[in-house]
2 protein chains.
Amino acid sequence: MNIGEAADASGLPAKTIRYYEEIGLIRPRRDANGYRAFAPRDVHKLAFLARARALGFSVEECRALLGLYEDETRASEDVKRLAQGHLARIDAKIGELQSLRVTLADLIEACAGDHRPDCPILADLAAGAAQGRTKGRMR
Amino acid sequence: MNIGEAADASGLPAKTIRYYEEIGLIRPRRDANGYRAFAPRDVHKLAFLARARALGFSVEECRALLGLYEDETRASEDVKRLAQGHLARIDAKIGELQSLRVTLADLIEACAGDHRPDCPILADLAAGAAQGRTKGRMR
DNA sequence: ATGATCCTTCCAGTAGATGGAAGGTCAAGC
DNA sequence: GCTTGACCTTCCATCTACTGGAAGGATCAT
């Protein structure tokens, strides 16, 4: 199976597959002509990686997950811990974004959005660094 | 005012300030010795940038915002449009993360997290690429 | 044989900094 | 006057996770 087929089968672009080989996530053997030859097992790993990346795991986390996946003697505890760490980061990110969202939505609402120059958004950016938030929300 | 002071005053690391100069966001003048000399106006711009970046605007959006801020004849409409675009991207990102969060939390909950190798998380990653989701949630 | 479509490697670029090396400058203290 | 240390300067490398493209070899269909 050449890289094109492996790409179709795994859902990853060929470029990405080459990159994953470069960083040592997979090691497909090579045909006599130098072409990469993907065994079903390789394609399976690629699909695993694609799914793990889609769930937001970092490439290094994916490496660890793949290692655990291939280790018959793994403890599910290790997998769970890894996933929990990732979940915690996602939650942190969501919280961060929701906080931004509130501030930004307030500012947008306060802005007339017409042809005049007066703008609470710019006013906040200019003053906000000092401390002022819209609507005087201060801690 | 040297870069160290400007950094303290604006809340941005000196490295970042140099970077912002490099990409043309600010143009502090130079003292005879080659040191950057920050006028209050420069520091104000840096603080503006720090706040805008903290709100998640991209550097290019910050450039545009700074341009609007300095343009007395701006229309608040333009600022608002920019901010609305950013808000939309934040909302999209939040949605994406929340979706990941649900899947991941389900998987984590299903995982015993003990010393045994059986693990629904790995099972999902291995099979998930095909289509299976935990709890058979399919569209 | 020829052209299209594969495949290969290698280099560069993306965003937004950050770290570090090598070296110039300045103010204080002795 | 000289050293020490805290500044400052530039330049280059590194990070994440790819992606784009150039140059060239291999394969396939006609």
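Quick note on labels: first sequence line is chain A, next is B, and so on, each numbered from 1.
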Would you kindly give the [atom1]-to-[atom2] distance between [X] and [N], to the nearest whole Å?
X: B:D8; N: D:dA6; atom1: CG; atom2: P; value: 15 Å
X: B:Y35; N: C:dT25; atom1: OH; atom2: C1'; value: 4 Å
X: B:I17; N: C:dA17; atom1: CD1; atom2: C1'; value: 13 Å
X: B:L12; N: C:dT18; atom1: CG; atom2: C1'; value: 14 Å
X: A:N2; N: D:dG25; atom1: CG; atom2: P; value: 19 Å
X: B:M1; N: D:dC7; atom1: CE; atom2: P; value: 15 Å
X: A:F38; N: C:dC6; atom1: CZ; atom2: P; value: 15 Å
X: A:E61; N: D:dA17; atom1: CD; atom2: C1'; value: 13 Å

Practice task
For D:dT10, take OP1 and OP2 only and decide whether either is under 4.0 Å from a side-chain N or O of B:R30.
Solution key: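 Yes, B:R30 has a side-chain N/O under 4.0 Å of OP1/OP2 on D:dT10.
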Exercise for the section: Examine C:dT8: is either OP1 or OP2 under 4.0 Å from a nitrogen or oxygen in the side chain of A:N33? Give yes or no. Expected result: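 False: A:N33 side-chain N/O out of range (4.0 Å or more) of C:dT8 OP1/OP2.
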Handout entry: Distance-only side-chain donor-acceptor flag, B:D118 / A:S76, under 3.5 Å
Key =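 Per modelled atom types, B:D118 and A:S76 side chains form no pair under 3.5 Å.
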Exercise for the section: Working to the nearest 0.5 Å, report the span between CD1 of B:I121 and CG of B:L104. Expected result: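 Here the interatomic distance stands at 7.0 Å.
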Handout entry: Interatomic distance, A:R89 atom CZ to A:F57 atom CZ [nearest 0.5 angstrom]
Key =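 If I round to the nearest 0.5 Å, the distance is 8.5 Å.
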Practice task
Using a strict 4.0 Å threshold on nitrogen-to-oxygen distance, state whether B:E96 and B:K93 make a salt bridge.
Solution key: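 Counted as a salt bridge, because a side-chain N and a carboxylate O are separated by less than 4.0 Å.
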Problem - Lys/Arg-Asp/Glu bridge criterion (N-O < 4.0 Å) met for A:D78, A:R81 - result: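 Salt bridge: yes.
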Closest nucleotide among [options] to the [X] side chain:
X: B:V59; options: C:dA17, D:dT10, D:dG25; answer: C:dA17
X: A:R36; options: D:dT9, C:dT8, D:dC18; answer: C:dT8
X: A:R18; options: D:dT9, C:dT9, C:dT18; answer: C:dT9
X: A:Y19; options: D:dT10, D:dT27, D:dC18; answer: D:dC18
X: A:R53; options: C:dT18, D:dA17, C:dT9; answer: D:dA17

Problem - Side chain B:Y20 and base C:dG16 donor-acceptor under 3.5 Å - result: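 Donor-acceptor pair under 3.5 Å: no.
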Practice task
Indicate, with a heavy-atom threshold strictly under 4.0 Å, whether A:I23 touches base, sugar-phosphate, or nothing.
Solution key: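 A:I23: no heavy atom of the nucleic acid under 4.0 Å.
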Practice task
On DNA chain C, check which nucleotide each of B:K15 and B:S58 is closest to and give me the residue with the more 5' one.
Solution key: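 Of the two residues, B:S58 wins.
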